[in-house]
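One structure is given below, encoded as structure tokens.
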Amino acid sequence: MLSVKQDLLAALAAELETLSPGAGARAAFENPKVAAHGDFACTAAMQLAKPLKANPRALGEQLKSALEATPAFQQWVDAIEIAGPGFLNIRLKPAAKQEVVREVLGQGSKFGYQADRGEKVLVEFVSANPTGPLHVGHGRQAAIGDAISNLYATQGWNVHREFYYNDAGVQIDTLTKSTQLRAKGFKPGDEVWPTDADNPLAKNFYNGDYIADIAQAFLNKETVKADDREFTANGDVDDYDNIRQFAVAYLRNEQDKDLQAFNLKFDQYYLESSLYENGHVEATVQRLIANGHTYEQDGALWLKSTDYGDDKDRVMRKTDGGYTYFVPDVAYHIQKFQRGFTKVVNIQGTDHHGTIARVRAGLQAADVGIPAGYPDYVLHTMVRVVRNGEEVKISKRAGSYVTLRDLIEWTSKDAVRFFLLSRKPDTEYTFDVDLAVAQNNDNPVYYVQYAHARIQSVLRTWQEQGGKLEQLKSVDLSALEGPQAQALMLLLAKYPEMLTAAAHGNAPHDVTFYLRDLASSYHSYYDAERILVDDEAVKLARLALVAATAQVLHNGLAVLGVDAPERM
């Protein structure tokens, strides 16, 4: 049906160009808000009426007559109706809708994909400080970032997934001191634990059991691997630097295990510390100074960020000589741009909202060719977890929050991904553990996966009788004329446009909505028409339709990182 729509759009563009030179480039169809009004709607007559000084309904009648005379509309359109002040409501012939079945079966897992556009996009997400296990909020970010990456891949982008490790600063000092105290035999509740004279910025040390695990591994002189490097503890409780390196490596390894349980892989782990070691931070600061976008005041170095839309100027270098956290962020994004990423999307919590203006201001002040509005941001809220009707707030392992691994162990990787993607990122979300494990239609991931498994059961039965899936690509589809079949095919045809819109809007939740609608449409079709009937032609046409439906369900679930089971 994609080819059908393209044929019709080409015919529409030609007729609009005849009416008004230049109008053909704006040829478009809309989806009617009421299904009974038709399959496509066209508002061109109303848009052209004013510049052409014509009555919109009369112009609509003229356009209707012209379109009805074109070969494309004669082949694929059953009727064109005028509505209101000049709407064109277009009803397709059943054969037009049936074309989508051939397209899906012919393109398979690539149905909905756009051509390679020759551009690179970097999606940065999770980027958790290596100070503890990944919490549920990180899980939401992981699901969103991976799904957005998959969406961009469907649109022809070369996608690069990146995890930025904040392995420098006060939080790492807090982690190191907490591990050192545990290694020395202290524990939460001891008098020394809440604060420490040698580390006044660490108002609270980390209390989770994982700190005791790190300390014991350090005392055991264990070796841990983080990325392609190994770190071995020397067991010396007074060797602060060795404790720091080991603790960071230990938690990076633990976080990697969390991500593996989520079936998530990154192309690169980028260390904040490398920005300092490689001189990128200092070079960025010097460039901003040289460009005249900084000033000294009260012993600190300030960025004139108000020149670029920020609500106030920002401190870059504090009175103690240390840099504020947005400075390495600016240096990091300059590196992203210089690595050739024309588009960058950052997935972060809503608590990072204040970072956006100052990072973008720093990038513009650096004047290295980065366009305004770079990078894009997708901000998400945190997640409440409810189990047995009560909110779960803490994990014994983490000490103060529910971990991603907890949620996966309580439910499943598929349920966690689908549920965390089922709302807009900036919408508050409550994860219901009991619903996530329920095997009924109220559980959205079960409902969608069951539709796929149900189709596979039908196809297996037919294959056991000697049927071959390959033959479905070329069967006669004329028997697919019932209202449920027509509705299902029309929904299949909307999949590519849905993917494009979801990618453009960084909106993977749209995929979950679509899949639920598609599963519902399939279940309605299954209940209305028996598939394995005696009439061979009818049976093959219906099998082709459900096979195409299974393929699109599989494709959509793959975008979300969710499995499409053969059996349930």
Side-chain angles (χ1 to χ4, degrees), residues 123-149 163-166 169-171 174-175 203-204 206-208 210 251 254-255 258-259 261-262 264 325-326 329 345-356 359 376-437 444-445 505-510 512 560-562:
V123 184
E124 181 210 329
F125 57 109
V126 182
S127 294
N129 295 332
T131 54
L134 298 181
H135 55 61
V136 176
H138 294 133
R140 188 175 197 184
Q141 192 172 136
I144 293 169
D146 197 37
I148 285 177
S149 297
F163 187 128
Y164 178 68
Y165 269 118
N166 298 98
V170 173
Q171 290 180 309
T174 303
L175 169 67
K203 296 180 180 179
N204 288 289
Y206 299 128
N207 301 329
Y210 70 94
L251 283 171
E254 284 291 299
Q255 291 180 355
D258 293 338
L259 296 172
F262 212 44
L264 180 57
Y325 66 90
F326 88 92
D329 280 354
V345 182
N346 292 346
I347 320 296
Q348 296 179 327
T350 50
D351 56 328
H352 287 80
H353 185 272
T355 304
I356 299 174
V359 169
D376 293 333
Y377 287 87
V378 176
L379 302 182
H380 68 91
T381 60
M382 296 299 287
V383 179
R384 293 175 64 246
V385 178
V386 172
R387 193 180 192 189
N388 298 323
E390 297 182 358
E391 183 173 358
V392 184
K393 293 186 176 182
I394 63 171
S395 161
K396 187 175 188 300
R397 179 167 171 259
S400 59
Y401 54 82
V402 176
T403 69
L404 172 60
R405 206 180 302 179
D406 287 334
L407 211 54
I408 294 173
E409 290 173 355
W410 293 342
T411 58
S412 68
K413 178 266 294 181
D414 286 345
V416 174
R417 277 185 177 258
F418 198 100
F419 273 53
L420 293 180
L421 290 168
S422 62
R423 296 288 186 276
K424 291 181 63 176
D426 59 358
T427 302
E428 296 290 339
Y429 185 65
T430 297
F431 190 105
D432 188 333
V433 173
D434 300 314
L435 178 60
V437 297
V445 66
N506 293 319
H509 56 279
D510 285 350
T512 70
L560 304 180
V562 175

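The figures that follow rest on heavy atoms only: side chains count, while hydrogens, waters and symmetry mates do not.
Side chain of Gln255 to main chain of Asn129: a donor-acceptor pair is present (N/O by atom type, distance under 3.5 Å, no hydrogens or angles). With hydrogens and angles ignored, the 3.5 Å screen pairs no side-chain donor or acceptor of Tyr210 with any backbone N or O of Glu254. Using modelled atom types, no side-chain atom of Arg140 and backbone atom of His380 make a donor-acceptor pair closer than 3.5 Å. For Lys413 (side chain) and Gly561 (main-chain N/O), a donor-acceptor pair under 3.5 Å exists by modelled atom type. In this structure, Tyr401 contributes its side chain and Leu134 its backbone to no donor-acceptor pair below 3.5 Å.
Shown here is Glu391, whose CD atom has more than 12 heavy atoms of other residues, nucleotides or ligands within 6.0 Å.
Val123 approaches Gly145 most closely through the heavy-atom pair CG1-O, 3.9 Å. The two residues His135 and Gly137 have their closest heavy-atom pair at ND1-N, 3.0 Å.
Looking only at side-chain heavy atoms (C-beta outward), Leu379 and Ile356 come within less than 4.5 Å of each other. Counting only heavy atoms from C-beta outward, the side chains of Val392 and Trp410 approach each other to under 4.5 Å. Here the side chains of Thr131 and Thr174 are not in contact, with every heavy-atom distance at 4.5 Å or above. In this structure the side chain of Leu404 never reaches within 4.5 angstrom of the side chain of Val136, judged on heavy atoms. When side chains are defined from C-beta on, Asn346 does not count as touching Val378, because their heavy atoms never get closer than 4.5 Å.
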Between Gln171 and Asn166, is the side-chain contact (heavy atoms from CB on, under 4.5 Å) condition met? List the steps. CA-CA 9 Å; Gln171 290 180 309; Asn166 298 98; 5.6 Å; no

Do Ile144 and Leu421 pass the side-chain contact (heavy atoms from CB on, under 4.5 Å) test, and can you show the C-alpha distance, the side-chain angles, and the key distance before you say yes or no? CA-CA 6 Å; Ile144 293 169; Leu421 290 168; 4.0 Å; yes

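Residues satisfying the ring-ring contact (aromatic ring centres under 6.0 Å, His included) criterion with Phe419, sequence neighbours excluded, are Phe431. Applying the ring-ring contact (aromatic ring centres under 6.0 Å, His included) criterion to Phe163, with sequence neighbours excluded, gives Tyr165, Phe266, Tyr269.
The CG atom of Asp406 sits 10.5 Å away from the OG1 atom of Thr411 when rounded to the nearest 0.5 Å. The CG atom of Leu560 sits 12.0 Å away from atom NE2 of His509, with the distance rounded to the nearest 0.5 Å.
The side-chain hydrogen bond (donor to acceptor under 3.5 Å, both in side chains) pairs that include a residue from residues 415-437 are Asp146-Arg417, Arg384-Thr430, where partners are two or more places apart or lie in different chains.
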